[in-house]
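Computed over heavy atoms, backbone and side chain alike; hydrogens, waters and symmetry mates excluded. Convention: sequence-line order gives letters A, B, ...; per-chain numbering from 1.
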Amino acid sequence: MASSDRSGGAVPGAGEGMPPGKPTTLGQKVLDKGAQMMQSLKPVKRFHQHALLLRSMLMTWLAKLRPTLRHSSQPGFPPYIITDRIFKTLPAEEQRLWHSHAYEIKSGLWASSQVPEMVYKPDLENMVKTYGMFWCTWCTSTKDITSGCVNLGMVMPGFVQRRDHKHGISTPDLKETRLIEIPEPEWINPNADYWKQHGKGFTIDVVLAEMKLKSTISMNIVCLAYVGFLFLLFHGVIGRCKHDQISSPISDK
Amino acid sequence: MAAPKRQVPGVPTQTGTGLVEKATSVVQSFAPINKIHQHLCAFHFYADDMTRQVEAHHFCAHQNEEMRQCLIFDSPAPDARLIGIEYIISENLFLTLPDAEKRLWHTHEYEVKSGVLFMPGAPGQVQRQDLEKVSKTYGKTIHFWQVDKGDNLPLGLPQVMMALTRDGQLEESLAKGKTTPLTLLHFFIF
């Protein structure tokens, strides 16, 4: 793992390829169906595209908020995808967390499941100029429950043949056509793919920190003190006005 | 406190793009998405700052009887922003975790019993039965998009989030849309 966190590792019951736990009961399935029939689930219904990405055999389903911003639905690897135009607006320190897609697409590593290449090609011409950021929250390569911290995800080698066999595609063939048919982006922002320029990656850690609490007791004390101050101020002003009126040389007699 | 929703930057979807989306959505398998069967609504706060609270709409799928995984959006609308994820596990599974891992998880008992966590639109009987199970589970939540700061893109680092555990923690303005106690006092005095 890239993270310095060492709390991961398989928990009992893991190792069968699925998270540990009892199989879903019939009763639960009935409850799920009942909820699904009555609830709208609108944000989830926007997911429209299934892309196969070789980041530890990641499969990701994409939904588009705008053509300039997509988000993914793969719990464990939630990525975001933005156009180069939006990427340029990010501060440099934010850009370092993002990666380019040009190589993945041109090399055939980025593939679409079950969709003919000619249908997918217009979208690839847009995607080749985009930048992505994704976070690994579940190290499925260790077959454990989601544990440990979060890792910034990058492309991992070594899965091409397995992926191709499973999905009936040929990455070398995709590469051959895309080298000719998908134009290379004119420029890839050097702030992306940080590790390429600097030879170093990122880890993030969870550390203990002082927590800012919401305290109703302290808030009430502050409110009461403030009210008291205003009360005294108000009465002080009124009292002064009355005193000035009494001691005035002008008489009503 | 909830920040006003800002527009996601970018141009609207064009016709050609929409056609590709239609084609892919018809022929491709969406099995993991189609497993999502449940919408839960609750609130999260940042693990180091309880004053920053976010409305969280969870869309969840069962991996098995003891584990669910949820996508978290900032609203139930079609243009909702994907702001995080949550994993939910049974107490049995939680007890198997190393202590260092347990610290990243939160309970659901208070949220369910107080009514803060509920299932919008679901029949009462379905809610009661399923939330009774949820009340005994533990969650691990990570947010990627700090919408409460007004970010219109997912910027910065992932944030571990926590959930409410007792009365008095929830920002009243978030729950009911009322003014804060201090502004009410101002109104009363002046």
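Under the 4.0 Å criterion applied to side-chain N and carboxylate O atoms, Lys121(A) and Glu117(A) are not assigned as salt-bridge partners. For Asp148(B) and Arg52(B), the salt-bridge test passes: some basic side-chain N is under 4.0 Å from an acidic carboxylate O. Salt bridge annotation for Lys113(B)-Glu109(B): present, with a cationic side-chain nitrogen under 4.0 angstrom from a carboxylate oxygen. Ion pair Arg68(B)/Glu86(B) not flagged as a salt bridge, since none of the NZ, NE, NH1 or NH2 atoms sits closer than 4.0 Å to an Asp/Glu carboxylate oxygen.
Ranked by non-hydrogen atom pairs under 4.5 Å with chain A, the options Asn34(B), Leu155(B), Asn92(B) are led by Leu155(B). Contact tally against chain A (heavy-atom pairs below 4.5 Å) for Met50(B), His37(B), Glu66(B), Met119(B): the top residue is His37(B). Your options are Gly34(A), Pro23(A), Ser40(A), Gly27(A), and the one with the most heavy-atom pairs under 4.5 Å with chain B is Pro23(A). Of the residues considered (Gln39(A), Lys33(A), Lys42(A)), Gln39(A) shows the highest number of contacts with chain B, using heavy-atom pairs under 4.5 Å. In terms of heavy-atom pairs under 4.5 Å with chain A, the best-connected choice from His57(B), Gln38(B), His62(B) is His62(B).
With Tyr194(A) as the aromatic partner, Arg96(A) meets the cation-pi criteria of under 6.0 angstrom to the ring centre and within 45 degrees of the ring axis.
Looking at Ala47(B), the atoms closer than 4.5 Å to chain A (heavy atoms on both sides) all sit in the backbone: N, CA, C or O. For chain A, no part of Asp99(B) is nearby; none of its heavy atoms comes within less than 4.5 Å. Proximity to chain A (any heavy atom under 4.5 Å) is shown, for Leu95(B), by neither the backbone nor the side chain. In this structure, chain A has heavy atoms under 4.5 Å from both the backbone and the side chain of Pro120(B). With a threshold of 4.5 angstrom between heavy atoms, Val160(B) approaches chain A through side-chain atoms but not through N, CA, C or O. Only the backbone of Glu210(A) comes within less than 4.5 Å of a heavy atom of chain B; no side-chain atom from C-beta onward does. Gln28(A) touches chain B through backbone and side chain together, each having a heavy atom under 4.5 Å away.
Partner of His44(B) under the side-chain hydrogen bond (donor to acceptor under 3.5 Å, both in side chains) criterion, chosen from His106(B), His58(B), Glu55(B), Gln159(B): His58(B). Of the options Arg81(B), His143(B), Met161(B), a side-chain contact (heavy atoms from CB on, under 4.5 Å) to Ile72(B) is made by His143(B) and by none of the others.
For the 3.5 Å distance criterion, the side chains of Trp110(A) and Tyr120(A) qualify, holding a donor opposite an acceptor.
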